[in-house]
Each structure stands twice: as structure tokens, then as C-alpha cells.
Protein chains: 2
Amino acid sequence: MTTEHDDRMDRFRARQRAQERNLFGRIAAAALASRTQAKRLLKSVGNLSITEWRILWDLAEAGPLTVTEMASIQRTDHALISRTIPTMLEKGYVTAATGARDRRVSLVTLTPAGQSVFDETSTIMSQRREAVANAFSEVELDRFLALIDRFEQFVEDPVLSTLDIEGTG
Amino acid sequence: MTTEHDDRMDRFRARQRAQERNLFGRIAAAALASRTQAKRLLKSVGNLSITEWRILWDLAEAGPLTVTEMASIQRTDHALISRTIPTMLEKGYVTAATGARDRRVSLVTLTPAGQSVFDETSTIMSQRREAVANAFSEVELDRFLALIDRFEQFVEDPVLSTLDIEGTG
DNA sequence: ATTTTTTACATGACAAGTCACATAATTTTT
DNA sequence: AAAAATTATGTGACTTGTCATGTAAAAAAT
């Protein structure tokens with residue numbers, strides 16, 4: 001006999017299987033797992049938040065940058081960077097100066113202390129990137145990035161946002 | 001002549017190009033853009049948060065579920081579900097009852113009001129899934145999911161988390 | 001049968017991210 | 001040149017998500 005409980009378990013498992021092919025959910029889960037891994041790695045070597053690490057990395061690689069430039073590189077909101085800079089100023093990892101030719105911008109520069117923290121942290125983070133480079137061949141990476149490109153175009157398409165207007169008209 | 005400003009812009013653009021091939025960053029950005037799109041769609045038809053919508057969807061598709069089961073289906077933390085249930089109880093979208101055979105679990109069930117809200121919302125969300133199904137062929141979806149599988153395995157691999165121990169030994 | 005371990009859930013604390021709005025500086029229009 | 005539009009940054013309010021901890025119930029070990 002099929003109990004109510006068994007029946008419920010069957011429906012649960014069916015739902016779980018179905019959601020395994022939900023691209024939105026799968027990408028979200030993968031991104032969050034990735035973020036969690038980065039967080040743990042950063043914690044294992046020091047005291048940096050992910051946002052702080054990304055800022056240090058950008059500045060170490062590209063030299064002084066504005067808030068907007070870093071947000072653009074990281075494909076994130078400028079508010080996130082803007083809010084993190086004061087903490088990093090206090091810690092002495094960066095300095096900030098008003099732009100010479102454009103006085104709206106805030107040019108952020110890595111200090112020797114910031115460079116030192118970056119050096120200590122970059123080892124483990126480089127190993128991570130190396131490991132993922134070993135896990136995917138160049139060709140696979142190209143394909144993966146192409147699919148992500150298309151997905152990103154899809155979710156950034158404003159047309160979908162107006163579907164409801166047609167639907168309710 | 002090359003000004004300091006032009007030089008900085010060159011470094012910025014080089015960094016931006018390099019980061020376009022950073023899988024971690026690209027997946028994170030794609031996932032966040034997807035979440036933002038979902039949020040906007042939900043806002044356009046009603047007042048549901050993403051978490052609330054996912055709970056309604058799961059319950060509508062699979063019938064009564066426990067908090068842990070929903071967290072598992074959504075590949076998310078149970079805390080997120082747990083925190084959202086009280087709000088949905090207040091709104092009258094769901095009911096919760098202690099499990100009959102396991103008194104630890106909380107069985108959440110959709111109410112007629114919840115079903116009604118789900119119905120109103122599911123149209124736009126179905127259109128979105130349909131649109132993404134049109135944007136990717138079955139074969140492409142399979143490849144995409146396979147790559148995501150591998151990426152997820154990679155970021156969930158605990159071995160990487162111990163690399164630093166070797167490094168500092 | 002009692003002790004130990006595991007599991008399900010709730011909750012406080014915090015990080016990450018978005019949005020809307022405010023302000024100041026720059027650029028474009030007129 | 002003055003007015004209008006745009007851009008860069010900062011900030012309050014909020015959602016999403018993780019982690020650690022506590023509690024109660026169930027399962028496993030002794």
C-alpha cells in the first residue's frame with residue numbers, strides 16, 4: 001500500500017529532479033556555492049571580505065581606479081564598492097583622492113600595507129583560479145563563457161519586463 | 001604623448017578584458033542579473049519576494065513540503081525558508097503543521113489564497129522559462145547544465161579548502 | 001535502556017547586493 | 001553663457017544568503 005507519506009516523498013523527489021534542469025536555479029546555486037568557497041578561502045588566510053579582496057585585486061593588477069571603474073570591472077553595483085572603501089581606508093589598505101581632471105571621481109590607490117595583504121592572500125586565490133583552469137580546457141571555457149554571455153543577455157533583456165503589460169492589457 | 005590619465009584608462013580596460021574570462025566573476029554576475037530580472041517580474045505583477053515565490057511554486061507543484069525539503073529543492077539554506085514562512089502564514093498563503101510521524105518537521109501547505117496568488121504570478125514566470133527555453137536548444141541546455149554541474153562540483157570540493165594548510169606547512 | 005549522535009528547525013549577527021534618492025560636478029543643449 | 005541633462009559618488013532601507021548557536025526530537029550506539 002502507498003501511504004500518504006510515501007506519496008509525499010515521491011512528489012518531493014519528482015520536484016527535486018525537475019528543478020535540476022531549471023537554468024535560473026542552477027546558475028544561482030552555482031554562483032552562491034562559488035561565493036561561499038571564496039569566503040572560506042579568504043577566511044582561512046586572513047580577514048578579508050569578498051568585496052575587500054576584489055578591490056585589492058583590481059588595484060594590484062590595474063593600479064589606481066575610481067569607484068565606478070571597479071564596479072564596472074566586477075560587474076557589480078557601485079554602492080558595494082563605495083560602502084567598502086571607508087573600511088579599507090581605516091585599515092590603511094588604500095588611500096583615496098579626488099580626481100585631478102574630474103573632481104567628481106574618487107581615485108583609490110593601493111598602499112604598501114594593502115599590497116602586502118594582497119600578496120598574502122593572492123597565493124590561495126591564484127591556486128583556486130589555477131585549479132579551475134585545470135578543470136576546464138580552453139575550449140570548454142570558451143563554450144562556457146559563450147553560454148553565460150547568452151544567458152546574461154537574456155536576463156538583461158528589458159523586453160521580458162514588458163511582457164506583463166501586454167498580458168494585462 | 002601618453003598622459004598619466006590615458007595610461008590609467010589603458011590599464012583599466014586591460015583589467016576589464018581580463019576579468020571577462022574570469023569564470024567565478026562571470027557566473028556570479030549572471031546569477032545576480034537573473035535574480036534582478038526575477039525580482040522585477042515579481043514586482044510587476046504583485047508583491048512577492050523571490051523566496052516567497054519559490055516557496056509558493058514548490059508547494060503548488062509538489063504539495064505539502066517540509067522546510068528542509070524546500071531548501072533542498074532550491075539548493076539554498078534552510079534558514080532562508082524558515083525565516084520566510086512566518087510572513088507567509090500572516091499573509092494567509094500557507095499553513096504549517098507539526099509532522100505526524102516526525103514531530104521535528106514542520107509541514108507547510110498551500111492555502112486557497114496562496115494558490116490564487118501563485119496562479120496570478122505563475123503566468124509571467126512561465127513566460128520567462130518559456131523564453132529561456134526558446135533561447136537555448138535542448139542540446140545547448142544539456143551542455144550548459146553539464147558545465148554547471150562540473151563547476152558546482154569544483155566549488156564544493158573541500159580539497160581546495162585545505163590547500164592553504166599545505167602551503168603554510 | 002541509557003547515552004551519544006544526528007537531524008529539523010528557529011534565530012541573532014553579519015556579508016553581499018539592489019534600489020531609490022540626494023548632492024555635486026561635468027557635459028550637452030539651447 | 002544659462003539651462004537642462006548626465007555622471008560619479010555616497011547613503012538609507014531593504015532583500016538575499018551564510019554561519020553559528022540553541023533546542024527539541026529521532027536514530028544509532030553502547
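The figures that follow rest on heavy atoms only: side chains count, while hydrogens, waters and symmetry mates do not.
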**Item:** Atom of A:Ile148, atom of B:Phe144 and distance for their closest heavy-atom approach
**Value:** N-CZ, 4.0 Å
**Asked** If you pin A:Ile81 and B:Thr76 to their nearest nucleotides in DNA chain D, which one's is more 5'?
**Response** A:Ile81
**Complete:** Closest to the 5' end of DNA chain D, once A:Asp102 and B:His78 are matched to their nearest nucleotides, is A:Asp102
**Prompt:** Taking 4.0 angstrom as the limit, do B:Glu69 and A:Arg15 come out as a salt bridge?
**Reply:** no
**Prompt:** Base, sugar-phosphate, or nothing for B:Leu80, non-hydrogen atoms under 4.0 angstrom?
**Reply:** base
**Message:** When you measure from the side-chain N and O atoms of A:Arg103 to the phosphate of C:dA25, is any distance below 4.0 Å, counting only OP1 and OP2?
**Reply:** yes
**Asked** Counting only distance, no hydrogens or angles, is the base of D:dG10 paired donor-acceptor with the side chain of A:Arg104 under 3.5 Å?
**Response** no
**Residue B:Val105, side-chain atoms from C-beta onward, closest of C:dC9, C:dA20, D:dG10** = C:dC9
**Message:** Rounding to an integer number of Å, can you tell me how far A:Leu32 CG sits from D:dT15 P?
**Reply:** 18 Å
**Message:** Go nucleotide by nucleotide along DNA chain C from the 5' end; which of B:Thr36 and A:Glu52 gets its closest nucleotide reached first?
**Reply:** A:Glu52
**Asked** Roughly how many Å is it from CD1 in A:Ile27 to P in D:dG17, rounded to a whole number?
**Response** 14 Å
**Minimum-distance nucleotide (side-chain atoms of B:Arg83 versus D:dT9, C:dA13, D:dT11)** = C:dA13
**Message:** Give me the atom names and distance for the closest heavy-atom approach of B:Val155 to A:Ala30.
**Reply:** CG2-O, 4.3 Å
**Request:** Over all heavy atoms of both residues, which pair between B:Arg128 and B:Ala38 is shortest? Give the atoms and the distance, please.
**Result:** NH1-CB, 3.7 Å
**Request:** Please determine if a side-chain N or O atom of B:Ser49 lies less than 4.0 Å away from the OP1 or OP2 oxygen of D:dT16.
**Result:** yes
**Prompt:** To the nearest Å, how far apart are B:Met70 CE and C:dA8 P?
**Reply:** 13 Å
**Request:** Tell me what A:Arg35 touches on the nucleic acid: a base, only sugar-phosphate, or nothing, going by heavy atoms under 4.0 Å.
**Result:** sugar-phosphate
**Request:** Would you indicate what B:Arg75 reaches in the nucleic acid, counting non-hydrogen atoms under 4.0 angstrom: base, sugar-phosphate, or nothing?
**Result:** nothing
**Nucleotide nearest A:Ser106 (side chain, heavy atoms from C-beta), chosen from D:dT9, D:dG17, D:dT18** = D:dT9
**Request:** Looking at every strand, decide which applies to A:Ser82 at a 4.0 Å heavy-atom threshold: base, sugar-phosphate, or nothing.
**Result:** base
**Fill in**
Comparing nearest nucleotides in DNA chain C, the 5'-proximal residue of the pair A:Lys39, B:Ala33 is A:Lys39
**Message:** If I take atom NZ in residue B:Lys43 and atom C1' in nucleotide D:dA13, what distance separates them, rounded to the nearest angstrom?
**Reply:** 12 Å
**Asked** Can you tell me how far P of D:dG17 sits from CD1 of B:Ile55, to the nearest Å?
**Response** 11 Å
**Message:** Rounded to whole Å, please give me the gap between CG in A:Asp77 and P in D:dG12.
**Reply:** 16 Å
**Asked** For C:dC19, does OP1 or OP2 lie under 4.0 Å from any side-chain N or O of B:Arg40?
**Response** yes
**Message:** Salt bridge or not between B:Glu61 and A:Arg11? Use side-chain N to carboxylate O under 4.0 Å.
**Reply:** no
**Request:** When you get a sec, tell me which of C:dC9, D:dT16, C:dT18 is the closest nucleotide to the side chain of B:Ile50?
**Result:** D:dT16
**Message:** Classify the ring geometry of B:Phe151 against A:Phe136: parallel below 30°, tilted from 30° to 60°, perpendicular beyond 60°.
**Reply:** tilted
